[in-house]
Every structure is written in C-alpha cells, then in structure tokens.
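Some notes on the structure that comes next.
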Amino acid sequence: MSWAQSVTQCVQSGGTLASVEDVAESNFLVEHADLFTSKTSGFWIGIYRNVNGQLLWQDNSALDFVNWGEGQPSEDQLDYCVELSAFSGYWSILPCSSQKGFICKKPKIHPLLFALCLFTDVKKEKAHGHMNMWILLTLVLVILLGMGFMIYFLFKIKTQSATEREARRRSTLIEYSCVLTGKDDENDSVNNKEKNEHSIV
C-alpha cells in the first residue's frame with residue numbers, strides 16, 4: 001500500500017502509523033518486522049515532512065529518537081515518506097506512492113475513559129473540551145429526566161388502575177347492599193302492614 005492508503009487503514013482501525021519513541025520500541029518493531037521479510041522489504045511508519053520541511057510524527061509525539069540509515073534523510077526529498085527496513089530496522093526516505101507494508105499503533109485507553117474520549121478530543125483547546133463535557137452532562141440529565149417521567153407515569157397508571165378497581169368493587173358492594181337493604185325494608189313494611197291489620201281486627 002502507499003503511505004496515504006496505510007494512514008487511512010490505520011485511522012479506520014483506531015490508530016495511526018507507528019511512532020518509534022526509543023531503542024526498545026525500535027528493537028521490538030525490527031524483531032516483528034523480520035517475520036514478514038518474505039512479503040515486503042519495509043514498512044511505512046508515521047514520520048513525515050510537513051510543508052515547511054520539518055519532520056513530525058503522525059500521532060504528534062516528540063521526535064526524540066531517530067534510526068536513519070546511512071545518508072538519510074535527504075533534504076531535497078520533501079514529498080517523500082519514511083519506511084522502516086524489515087531487514088535492518090533502519091529508516092529511509094521513499095516516494096510516498098511506493099507499495100510497502102505498514103505498522104499501526106493504537107493508544108491504550110482505559111475502558112472507563114472510552115466514553116469520555118468519544119465526546120472530547122484531547123488535541124483541541126480546553127474550552128472546546130469543556131463545552132463538549134457540558135453537552136455530555138446535559139444529554140445524561142435529559143435521559144435521566146425522561147426515565148424519571150416514564151417511571152412516574154407508569155406508577156401513576158398502575159396506581160390509578162388499582163384505585164379504579166377498588167372504586168368499582170366498592171360501588172358493586174354498595175349496590176348489592178342497597179338491594180339487600182331495599183328488600184329488608186320491603187319485608188319490614190309487609191310485616192308492619194300485617195301487624196296493623198291484626199291490631200285493627
């Protein structure tokens with residue numbers, strides 16, 4: 001793949017082309033790159049020249065360690081990119097359109113910080129990060145309020161249904177007792193009428 005295609009592949013997998021920060025990391029990469037010498041002679045790494053000719057790492061880490069091959073880098077090759085040799089581990093400048101393997105590097109993120117990283121970008125200004133944090137907090141509050149209202153209304157409906165059932169049951173009992181009471185009153189009036197008739201005779 002070309003250097004640009006390699007950058008795209010790394011970004012899609014959540015990383016960047018590898019930066020090499022010290023000798024130990026360089027040795028680690030050379031040991032693992034050596035396993036793939038039958039497939040490619042070198043691997044793109046994340047160092048490049050900006051338009052001012054300054055060498056930078058794609059992930060913005062400090063350029064404190066270099067492992068250039070002999071005669072590298074050449075000042076007149078501004079539009080070239082950097083490969084790590086699979087055989088020696090030395091770096092060299094090649095045209096960015098050359099077809100090479102590539103090495104991606106992903107940052108280690110604690111799982112609890114992952115959600116926070118989705119809403120804030122550590123490379124942006126602090127004020128912008130604070131604004132994103134307020135947006136996140138507002139979103140969480142809206143969700144919690146929505147859930148609270150939902151629980152309240154479900155409880156209210158359940159309570160109201162129970163109250164309506166109780167009211168219907170009482171109404172039925174009252175009607176039934178009125179019917180019973182009405183019959184008793186009717187029987188009492190018949191008995192009183194009979195008593196009155198007997199007393200008249």
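Source: prediction; values computed, not measured.
V7 is connected to M1 through a chain of hydrophobic side-chain contacts under 4.5 Å among Ile, Leu, Val, Met, Phe, Trp and Tyr, so both are in one cluster. Hydrophobic clustering (ILVMFWY, side-chain heavy atoms < 4.5 Å, transitive): V23 and V66 are in one cluster. Following chains of ILVMFWY side-chain contacts shorter than 4.5 Å, one can reach M147 starting from L139, so the two form part of one hydrophobic cluster. Hydrophobic clustering (ILVMFWY, side-chain heavy atoms < 4.5 Å, transitive): L55 and Y90 are in distinct clusters.
Minimum interatomic distance between S6 and L17 (heavy atoms only, all atoms of both residues): CB-CD2, 4.0 Å. L94 and K100 get closest at one heavy-atom pair: CD1-CE, 3.4 Å. A pairwise comparison of heavy atoms in C10 and S13 identifies O-OG, 2.9 Å as the closest pair.
Looking at residues two or more places apart in sequence or on another chain, you find a ring-ring contact (aromatic ring centres under 6.0 Å, His included) between F28 and H32. Every residue two or more places apart in sequence or in another chain was checked for a side-chain hydrogen bond (donor to acceptor under 3.5 Å, both in side chains) with Q9, and none qualifies. For S2, the side-chain hydrogen bond (donor to acceptor under 3.5 Å, both in side chains) partners at least two apart in sequence or on another chain are Q5.
By the 4.5 Å heavy-atom criterion applied to side chains, F149 and I151 are not counted as neighbours. A 4.5 Å side-chain heavy-atom check between I93 and W68 finds at least one atom pair inside the cut-off. W91 has its side chain out of reach of S85: every pair of non-hydrogen atoms, C-beta onward, lies at least 4.5 Å apart.
Sorted by first and then second residue, the salt bridge (charged side-chain N to carboxylate O under 4.0 Å, His left out) pairs involving residues 132-155 (not counting sequence neighbours) form an empty list. Each salt bridge (charged side-chain N to carboxylate O under 4.0 Å, His left out) pair with one or both residues in residues 3-21, not counting sequence neighbours, appears once here: E21-K105.
Taken from CZ in F102 to OG1 in T40, the straight-line distance is 11.0 Å, to the nearest 0.5 Å. Between the SG atom in C104 and the CD atom in Q12 there is a gap of 10.0 Å [rounded to 0.5 Å]. To the nearest 0.5 angstrom, D22 atom CG is 11.5 Å from N67 atom CG.
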### Message
I'd like to know whether I45 forms a side-chain contact (heavy atoms from CB on, under 4.5 Å) with E83, so could you lay out the CA-CA distance, the side-chain angles of the two residues, the decisive distance to 0.1 Å, and finally the verdict.
### Response
CA-CA 6 Å; I45 56 175; E83 77 149 343; over 6 Å; no
### Residue pair W44, W3: steps toward the side-chain contact (heavy atoms from CB on, under 4.5 Å) verdict
CA-CA 6 Å; W44 293 122; W3 191 85; 3.5 Å; yes
### Message
Under the criterion side-chain contact (heavy atoms from CB on, under 4.5 Å), I'd like the reasoning laid out for L63 against L56: C-alpha separation, chi angles, the key distance, then a yes or no.
### Response
CA-CA 7 Å; L63 186 60; L56 302 170; over 6 Å; no
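Side chain of T8 to main chain of A4: a donor-acceptor pair is present (N/O by atom type, distance under 3.5 Å, no hydrogens or angles). Between the D59 side chain and the S19 main chain, no donor and acceptor come within less than 3.5 Å of each other.
The other members of the hydrophobic cluster of M150, by chain and number, are L154 (side-chain heavy atoms under 4.5 Å, ILVMFWY only).
Under 3.5 Å, the side chains of Q58 and T16 contain no donor-acceptor pair of N or O atoms.
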